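Following: one structure in structure tokens, then a few remarks.
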Amino acid sequence: MKVLIEELHSRGHEITVMRPSDSWFIKADSPHYKAITTNPSGFDEETFQLFVIKMLKLRREGDSFWAHISLEYEMMVKVHDLHAQMIKMMAGIFENSTMMQNFHDAKYDVVLTDPALGAGVLLAHRLQLPLVFNVRWTVQGDGHIAVAPSPLSYVPIPGTDLTDKMTFSERLKNVLFYFFTRLQIWYITDLIYIPFVHQYFGPDIHYMELFQAADIWLMRNDFTFEFPRPTMPNIIYMSGFQCKPSKPLSQQLEDFVQSSGEHGVIVMTLGTLIGQLPEDVTEDIAAAFAQLPQKVIWRHKGKTPSTLGNNTLLLDWLPQNNLLGHPKTRLFVAHGGTNGIQEAIYHGVPLVGLPLLFDQKDNLSRMKEKGVAKVVELSTLNKDNFLEALKEVLYDPSYRENMKTLSNLHRDQPMKPLDRAMFWIEFVMRHKGASHLRTESYKMSKIQYHSVDVMAFLLAVVLLVVIVVTLVLRFLWRNVFPKSKAKKE
């Protein structure tokens with residue numbers, strides 16, 4: 001979101017950012033926006049880090065069925081609590097007449113929000129403002145599923161590790177997983193959002209209607225990442241909008257990179273939200289790196305592994321984009337976050353994936369299917385299989401060749417993704433919405449949407465015709481045909 005805000009500011013727009021008071025990653029002071037600080041969300045940095053530690057511990061404990069169940073349950077509980085806190089925060093805002101009046105008086109042109117949480121969606125509809133999404137996920141999961149036709153026969157549900165080419169058993173798995181996600185939705189969001197929306201928007205409105213009524217969906221992926229699937233005219237793909245050409249490294253870092261010679265450099269980072277892994281995992285990773293001729297630049301916080309080799313440089317922070325764009329970078333070890341994957345595609349660097357939380361496993365499974373990544377599960381990671389994965393991606397040329405193909409496809413566009421995003425945000429501002437691109441199907445019930453009522457009516461007509469014809473024939477057989485036969489005799 002920061003990239004979009006800075007670009008909007010550079011184009012002369014005035015931006016107001018609404019942030020909870022306990023947010024550690026959305027700053028209250030910025031030269032690019034004015035901040036409105038609201039009640040706490042209950043999801044501060046300490047709470048999040050404790051949650052991460054617990055999730056990593058569960059993922060490390062094993063890859064059994066019950067381990068998966070425990071992980072899913074803990075994730076559901078935490079996400080449920082997060083939505084509940086957010087709804088509580090929004091209720092406080094809606095009941096604050098002074099704040100709501102200030103929102104109205106400001107005469108905003110558009111609300112830009114990420115619908116993975118519903119705060120921005122609810123506020124936009126309360127203020128009756130046009131709505132633009134910076135989206136990959138909604139409160140119910142994948143954004144496409146909320147707004148576009150998604151046949152289960154070839155559109156895999158996220159988390160299944162399936163592709164668009166499914167066998168019968170895989171299609172069965174996809175359908176069963178779909179029903180499992182409906183159970184998750186009932187617990188995580190239905191129980192929280194339905195009462196709130198009925199209270200503030202009316203008893204006839206389902207909360208997902210508010211999401212589906214968004215004017216533009218700026219989707220943070222494209223079909224170099226996504227499998228081919230149905231889409232909608234108001235879904236605008238801006239995958240890689242944050243990617244940009246690399247800049248020169250600092251002299252110290254450049255010297256280290258150049259010292260790798262012909263072997264090149266491996267870059268490893270697990271994003272900004274996960275500072276460190278369990279100690280035994282870092283020991284195995286460091287030991288595997290130490291056996292390679294490549295130099296390694298690793299963003300790592302915490303205790304230095306005892307197995308760390310002379311070829312590995314540990315940093316609290318690293319310039320990820322600039323390193324991925326360096327000609328000596330051979331491999332990217334990543335957790336599978338969307339931003340990191342898109343930067344890897346943009347710069348054509350193959351991956352060794354270490355999925356940890358949220359959508360990372362699903363992201364990496366797509367990269368694995370496209371032949372640009374090798375995935376190592378945290379539950380089974382050790383020095384030997386991690387080293388084997390590194391060597392496979394480093395020395396099998398197909399990984400780099402496939403990634404270069406993806407990179408060329410991604411870059412071959414008539415318009416830069418960020419410029420495309422800006423055009424559509426400003427389009428909504430100029431025209432006060434984009435209703436001509438939005439289907440009205442979200443206002444239909446499931447029965448209407450799937451034409452169940454029409455099919456039932458047609459079936460009833462057919463049955464009625466059959467019954468009438470049957471009765472007429474029986475009447476004729478009993479009353480007319482016997483008399484004709486008697487006359488002949």
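Just so it is clear, the model here is predicted, and its values are computed rather than measured.
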Worksheet item: Is there a side-chain contact between Pro305 and His300 (heavy atoms, below 4.5 Å)?
Response: yes

Practice prompt. May I ask you to check whether His80 and Tyr187 place their ring centres under 6.0 Å from each other?
Written response: yes

Worksheet entry | Presence of salt bridge, Arg136 and Asp359, under 4.0 angstrom | yes

Worksheet item: With a 4.0 Å cut-off, would you call Lys361 and Glu377 a salt bridge?
Response: yes

Worksheet item: Strictly under 6.0 Å, is that where the ring centroids of Phe196 and Phe94 end up?
Response: yes

Worksheet item: Glu426 and His13: side-chain donor and acceptor closer than 3.5 Å?
Response: yes

Worksheet item: Which residue, Leu270, Val267, Leu318, Thr282, forms the side-chain contact (heavy atoms from CB on, under 4.5 Å) with Trp298?
Response: Thr282

Worksheet item: NZ of Lys416: more than 12 outside heavy atoms within 6.0 angstrom?
Response: no

Worksheet item: How long is the span from the CG atom in Leu218 to the CG atom in Leu112, to the nearest 0.5 Å?
Response: 7.0 Å

Worksheet item: Any side-chain heavy-atom pair from Val132 and Val111 closer than 4.5 angstrom?
Response: no

Fill in: Heavy-atom side-chain contact between Asp109 and Pro130 under 4.5 Å
no

Worksheet item: Tell me, do Lys383 and Glu283 make a side-chain contact under 4.5 Å, heavy atoms counted?
Response: no

Worksheet item: Under 6.0 Å between ring centres, would you say that holds for Phe289 and Phe386?
Response: yes

Worksheet, complete the sentence: Rounding to 0.5 Å, atoms CG (Asn96) and CE (Met100) come to a distance of 9.0 Å

Discussion item. I want to check something: taking the side chain as every heavy atom from C-beta on, are Phe225 and Met367 in contact at a cut-off of under 4.5 Å?
Written reply: yes

Practice prompt. For residues Ile15 and His9, determine if any side-chain heavy atom of one lies less than 4.5 Å from a side-chain heavy atom of the other.
Written response: yes

Worksheet item: Say you draw a straight line from CZ of Arg220 to OH of Tyr237; how long is it, rounded to the nearest 0.5 Å?
Response: 13.5 Å

Worksheet item: With a 4.5 Å limit on heavy-atom distance, are the side chains of Leu437 and Ile216 in contact?
Response: yes

Worksheet item: Crowded around Glu440 CD? As in, over 12 foreign heavy atoms under 6.0 Å?
Response: yes

